[in-house]
Amino acid sequence: MAYIERINSPYDLKKIDKKELETLAKEIREFIIDSVSKTGGHLASSLGVVEATIALHYVFDFKKDRIVWDVGHQAYVHKILTGRKDRFHTLRKFNGLSGFPKITESEYDHFNTGHSSTSISAALGMAIARDLNNEDYQVIAFIGDGSLTAGLAFEGMNQAGHLKKKMMVILNDNDMSIAPNVGALNGYLNQILSGQFYKRMRDRIEHILKSMGTIGTPMIKMAKGMEETIKRLFVPGMLFEELGFKYVGPVDGHDIEKLIEVFEKYKDYDDPVLIHIKTKKGKGYKFSEKMPEKWHGISPFDRETGEVYKSSKGTPSYTSVFGKTIIELAEKNPDIVAITAAMPSGTGLTEFAKKFPERFFDVGIAEQHAVTMAGGLAIKGKKPFVAIYSTFLQRAYDQVIHDVCLMNLPVVFCMDRGGVVGADGETHHGLYDIAYLRPLPNIVMMAPADENELRHMLYTASKLSFPCSIRYPRGSAEGVNLDKELKEIKIGKSRVLKDGDDAVIFAIGSMVWKAKRVADKLEQDGIFVKVVDARFIKPLDESEILKSAEECGVVVTAEEGILNGGFGSAVLELLQDNNILVPALRLGIPDRIVHQGSPEELLDELKLTETHLYYRIKDFVKQYRYAKKKNRGEIE
Ligand SMILES: Cc1ncc(C[n+]2csc(CCOP(=O)(O)OP(=O)(O)O)c2C)c(N)n1
Ligand SMILES: CC(=O)[C@@H](O)[C@H](O)COP(=O)(O)O
Ligand SMILES: [Mg+2]
């Protein structure tokens, strides 16, 4: 029987001879490749940590010890070893296994992750609680080199090194973020891994001693005799040692026996210890080894050929339209610069980076820094387009306020993944940006109905002298024709897509063409609904909203964002402030967590599919149409 079949809990690892763990690793890799070829998911990261995860579960008892998987996209092996192998075919599916650790999913998942760089802070919190409770267990933060580029990781290390709490940080260094990793820290880590660090120091010292002539010669001889001691002096992880961590490494992250030996040695180390392991992202599958960026997050694929099955509806993605349009704009406007936080391909900036390398900045996983740097660029006359997913911009909220909006700086926030994203679930849906940006001063907020509108909004944004945001959904666009000429949209101006007087729907973004199709259907039922593409969440097209609400007497708003404080709330506030008291139905995301599944499944569960909209609006309008006509004396 295959070893993987014998593993129903981490304790079963001990029943396998250490020498056979390599075979288990092979079987787990095959299992993950096979399963993820059917479900899609984060393949490369998990393939890179098979040995490390086996060694961790071999050495530690995670019913007692704690582990926080940073981002958590690499935790598939952890899930397989902790009794979830049989459910792995439900990975990232509706009501299935999460693609990330979830405390509600398993006693072995000790902290929810999904957004990066939280593991050290969370682990330190657990270590402090452990000591305050006079308990004894190890706390581990498993963090990648990409996730270590975030300030939050250093905030955690800074405090951990100061408090000298017993805890372990395992730095999984594969020299990759989603894209190749960036930043000076990455360069430092590479020097360590390449052994260059010590060599560089030794050469420098030798050069200095030689330059001292006869005085230096005997010292060189002595130094040669103390090479090992000196080597330890320049222990490669000096940066971490200075931060209060015992540095161990670099360790081969694919050598299970070595990993077990190191983890055993430091499992009860009384101070913070950082174990630096070197791994290969995508290891064990030729396609992901060759292209770890592409195989970071992958749709279902043919495992023999590596061909990825197309899931789009054949129309361009909003991301690709953004990527092409910003290039068009940058060709004409030399002040345009583009910023990403470690997601060049996800945000569509890969081509921009090739065409305008001096105007493209990948800041690493550092959204706060990205926004404040954009403020600095803007105040000196540049036009920064900050491309950060809606959910990840949450991390830079104060920077949006403090370093952009309060100074009224012309930064453009391009928020991809605005709305339900699907398989990544609650940590990744872009549901809150309408509500979290709407209260901010000076900002103009747009959401396009389709890819053509996105282009015009990007063009409009490039002309503004104040901050603005544009939110657009993950995945395929509407498939409309693109205007050749880009035109400026008048700020705050909506557009009427259909006339009617039984009700008016104010729709925004991905809800606009759904609302139009619903209104067309309602017309066949003799219900005449006006449809307005709001285009702007802020400022609202007040005259249109007040006029339409007055004329139609029944109002519906539709948005793919949370209702609390969303677009619909803004419309209601406007009507109330102008004493237009009409029945209003707000359609959007209710006040609850939206889990994972396909976007269609989730929108169905949220009653936001076209079919649901049709019945919800029809019932609402019928309910009030009679009362309204009676009030107006149009009927007895
Ligand atoms: C705050 C935040 N920004 C961006 C992301 C998107 N993201 C997910 S994984 C990843 C790269 C992580 O690199 P690393 O930590 O080295 O892990 P690896 O995939 O190399 O194992 C990024 C940028 C995120 N999850 N959280
Ligand atoms: C793990 C992580 O945060 C990213 O890989 C994210 O899953 C990317 O999302 P998209 O697939 O929408 O680009
Ligand atoms: Mg990495």
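Panel note: side chain Gln74, backbone Trp69; no donor-acceptor pair is recorded below 3.5 Å. Counting only distance, with no hydrogens or angles, the side chain of Glu559 and the backbone of Phe567 share a donor-acceptor pair below 3.5 Å. The main-chain N or O of Ala179 is never found under 3.5 Å from a side-chain atom of Ser177 such that the two would form a donor-acceptor pair. A distance-only check finds no donor-acceptor pair linking the side chain of Glu488 to the backbone of Thr460 [under 3.5 Å]. Not one N or O on the side chain of Asp424 forms a donor-acceptor pair closer than 3.5 Å with the backbone of Gly99. Put simply, the side chain of Lys516 never gets that close to the backbone of Asp533: no donor and acceptor are under 3.5 Å apart. Between the side chain of Thr82 and the backbone N or O of Lys79 there is at least one donor-acceptor pair closer than 3.5 Å. Side-chain atoms of Arg616 never come within 3.5 Å of backbone atoms of Leu587 as a donor-acceptor pair (strictly under, hydrogens ignored). In this structure, the side chain of Ser598 does not engage the main chain of Phe94 through any donor-acceptor pair within 3.5 Å. The backbone N or O of Leu563 sits less than 3.5 Å from a side-chain atom of Ser569, completing a donor-acceptor pair.
Residues Ile336 and Ile326 approach most closely at CG2-CG1, 4.3 Å, considering heavy atoms. Minimum interatomic distance between Ala374 and Ile339 (heavy atoms only, all atoms of both residues): CB-CD1, 3.8 Å. Across Thr319 and Gly348, no two heavy atoms sit closer than the pair CG2-N, 3.4 Å. Across all non-hydrogen atoms, the minimal contact from Phe392 to Glu367 is O-CG, 3.4 Å. Counting all heavy atoms, side chain and backbone alike, Ile443 lies closest to Cys468 at CG1-CA, 3.9 Å. A pairwise comparison of heavy atoms in Pro410 and Ala378 identifies CD-CB, 3.9 Å as the closest pair.
Looking at Ser543 and Asp541, their side chains come closer than 4.5 Å, going by heavy atoms from C-beta outward. For the pair Leu329 and Phe352, the minimum side-chain heavy-atom distance is 4.5 Å or more. Contact annotation: the side chain of Thr113 approaches that of Thr118 to within less than 4.5 Å [non-hydrogen atoms, C-beta and beyond]. Contact annotation: the side chain of Val554 never approaches that of Gln623 to less than 4.5 Å [non-hydrogen atoms, C-beta and beyond]. Asn112 has its side chain out of reach of Phe100: every pair of non-hydrogen atoms, C-beta onward, lies at least 4.5 Å apart. Residues Phe385 and Leu458 meet the side-chain proximity criterion, which asks for heavy atoms closer than 4.5 Å. Within the 4.5 Å cutoff, the side chain of Ile589 has heavy atoms near those of the Val594 side chain. Between Leu613 and Leu608, the closest side-chain pair of non-hydrogen atoms falls below 4.5 Å.
Ion pair Arg474/Asp416 not flagged as a salt bridge, since none of the NZ, NE, NH1 or NH2 atoms sits closer than 4.0 Å to an Asp/Glu carboxylate oxygen. Taking a cutoff of 4.0 Å between a charged side-chain nitrogen and a carboxylate oxygen, Lys324 and Glu451 do not qualify as a salt bridge. Salt-bridge check for Asp525 with Lys521: failed, with every basic side-chain N at 4.0 Å or more from each acidic carboxylate O. Under a 4.0 Å N-O distance rule, the pair Glu573/Arg438 qualifies as a salt bridge. Salt-bridge check for Arg84 with Asp109: passed, with a basic side-chain N closer than 4.0 Å to an acidic carboxylate O.
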task: Quick one: do Ser98 and Glu105 satisfy side-chain hydrogen bond (donor to acceptor under 3.5 Å, both in side chains)? Show the steps, please.
output: CA-CA 8 Å; Ser98 168; Glu105 186 178 286; 4.7 Å; no

task: Let me see the working for Leu406 and Ile401 under side-chain contact (heavy atoms from CB on, under 4.5 Å), right down to the final yes or no.
output: CA-CA 6 Å; Leu406 290 180; Ile401 302 172; 4.1 Å; yes

Derivation and outcome, side-chain contact (heavy atoms from CB on, under 4.5 Å), residues Phe301 and Leu43: CA-CA 11 Å; Phe301 59 93; Leu43 182 67; 3.9 Å; yes

message: Between Leu546 and Leu575, is the side-chain contact (heavy atoms from CB on, under 4.5 Å) condition met? List the steps.
response: CA-CA 7 Å; Leu546 297 173; Leu575 295 175; 4.1 Å; yes

- prompt: Should Leu581 and Gln576 be marked as a side-chain contact (heavy atoms from CB on, under 4.5 Å) after you check the CA-CA gap, both sets of side-chain angles, and the distance that decides it?
  reply: CA-CA 6 Å; Leu581 312 178; Gln576 180 66 40; 3.6 Å; yes

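Within the structure, the ring-ring contact (aromatic ring centres under 6.0 Å, His included) test picks out no pair touching residues 502-541 (sequence neighbours left out). A ring-ring contact (aromatic ring centres under 6.0 Å, His included) check over residues 569-623, counting only residues at least two apart or in different chains, returns the pairs Phe620-Tyr624. Within the structure, side chain to side chain donor-acceptor pair (under 3.5 Å) contacts touching residues 341-350 (residues at least two apart or in different chains) are Glu293-Ser345.
Ser469 OG to Tyr436 OH: the interatomic distance, rounded to the nearest 0.5 Å, is 8.5 Å. Once rounded to the nearest 0.5 Å, the distance linking CD of Gln399 with SG of Cys405 reads 11.5 Å. Residue Asp403 holds its CG atom at 3.5 Å from OG1 of Thr372, rounded to the nearest 0.5 Å. Taking SG from Cys414 and CD1 from Ile388, the interatomic distance works out to 10.0 Å, rounded to the nearest 0.5 Å. For the atom pair Ile545 CD1 and Ser548 OG, the distance stands at 8.0 Å (nearest 0.5 Å). Within the model, atoms OG1 of Thr325 and CG of Leu454 stand 6.0 Å from one another, a figure rounded to the nearest 0.5 Å.
No more than 12 heavy atoms of other residues, nucleotides or ligands sit less than 6.0 Å from atom NZ of Lys490. Residue Lys93 qualifies as enclosed at atom NZ: its count of foreign heavy atoms under 6.0 Å is above 12. Residue Asp302 qualifies as enclosed at atom CG: its count of foreign heavy atoms under 6.0 Å is above 12.
Aromatic ring pairs are classed by plane angle as parallel below 30°, tilted from 30° to 60° and perpendicular above 60°; the pair His115 and His428 is perpendicular. The aromatic rings of His296 and His73 sit tilted relative to each other, their planes meeting at an angle between 30° and 60°.
For Phe111, the ring pair (Phe, Tyr, Trp, His ring centres under 6.0 Å) test picks out no residue, with sequence neighbours left out. Evaluation of the ring pair (Phe, Tyr, Trp, His ring centres under 6.0 Å) rule for His429 yields no partner, not counting sequence neighbours.
Using modelled atom types and a 3.5 Å distance limit, the side chains of Glu544 and Ser494 yield no donor-acceptor pair.
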N/O donor-acceptor pairs under 3.5 Å from side chains in residues 476-483, not counting sequence neighbours:
{"unit_1": "Ser476", "atom_1": "OG", "unit_2": "Lys313", "atom_2": "N", "d": "3.3"}
{"unit_1": "Asp483", "atom_1": "OD2", "unit_2": "Asn452", "atom_2": "ND2", "d": "2.9"}
{"unit_1": "Asp483", "atom_1": "OD2", "unit_2": "His456", "atom_2": "NE2", "d": "2.7"}

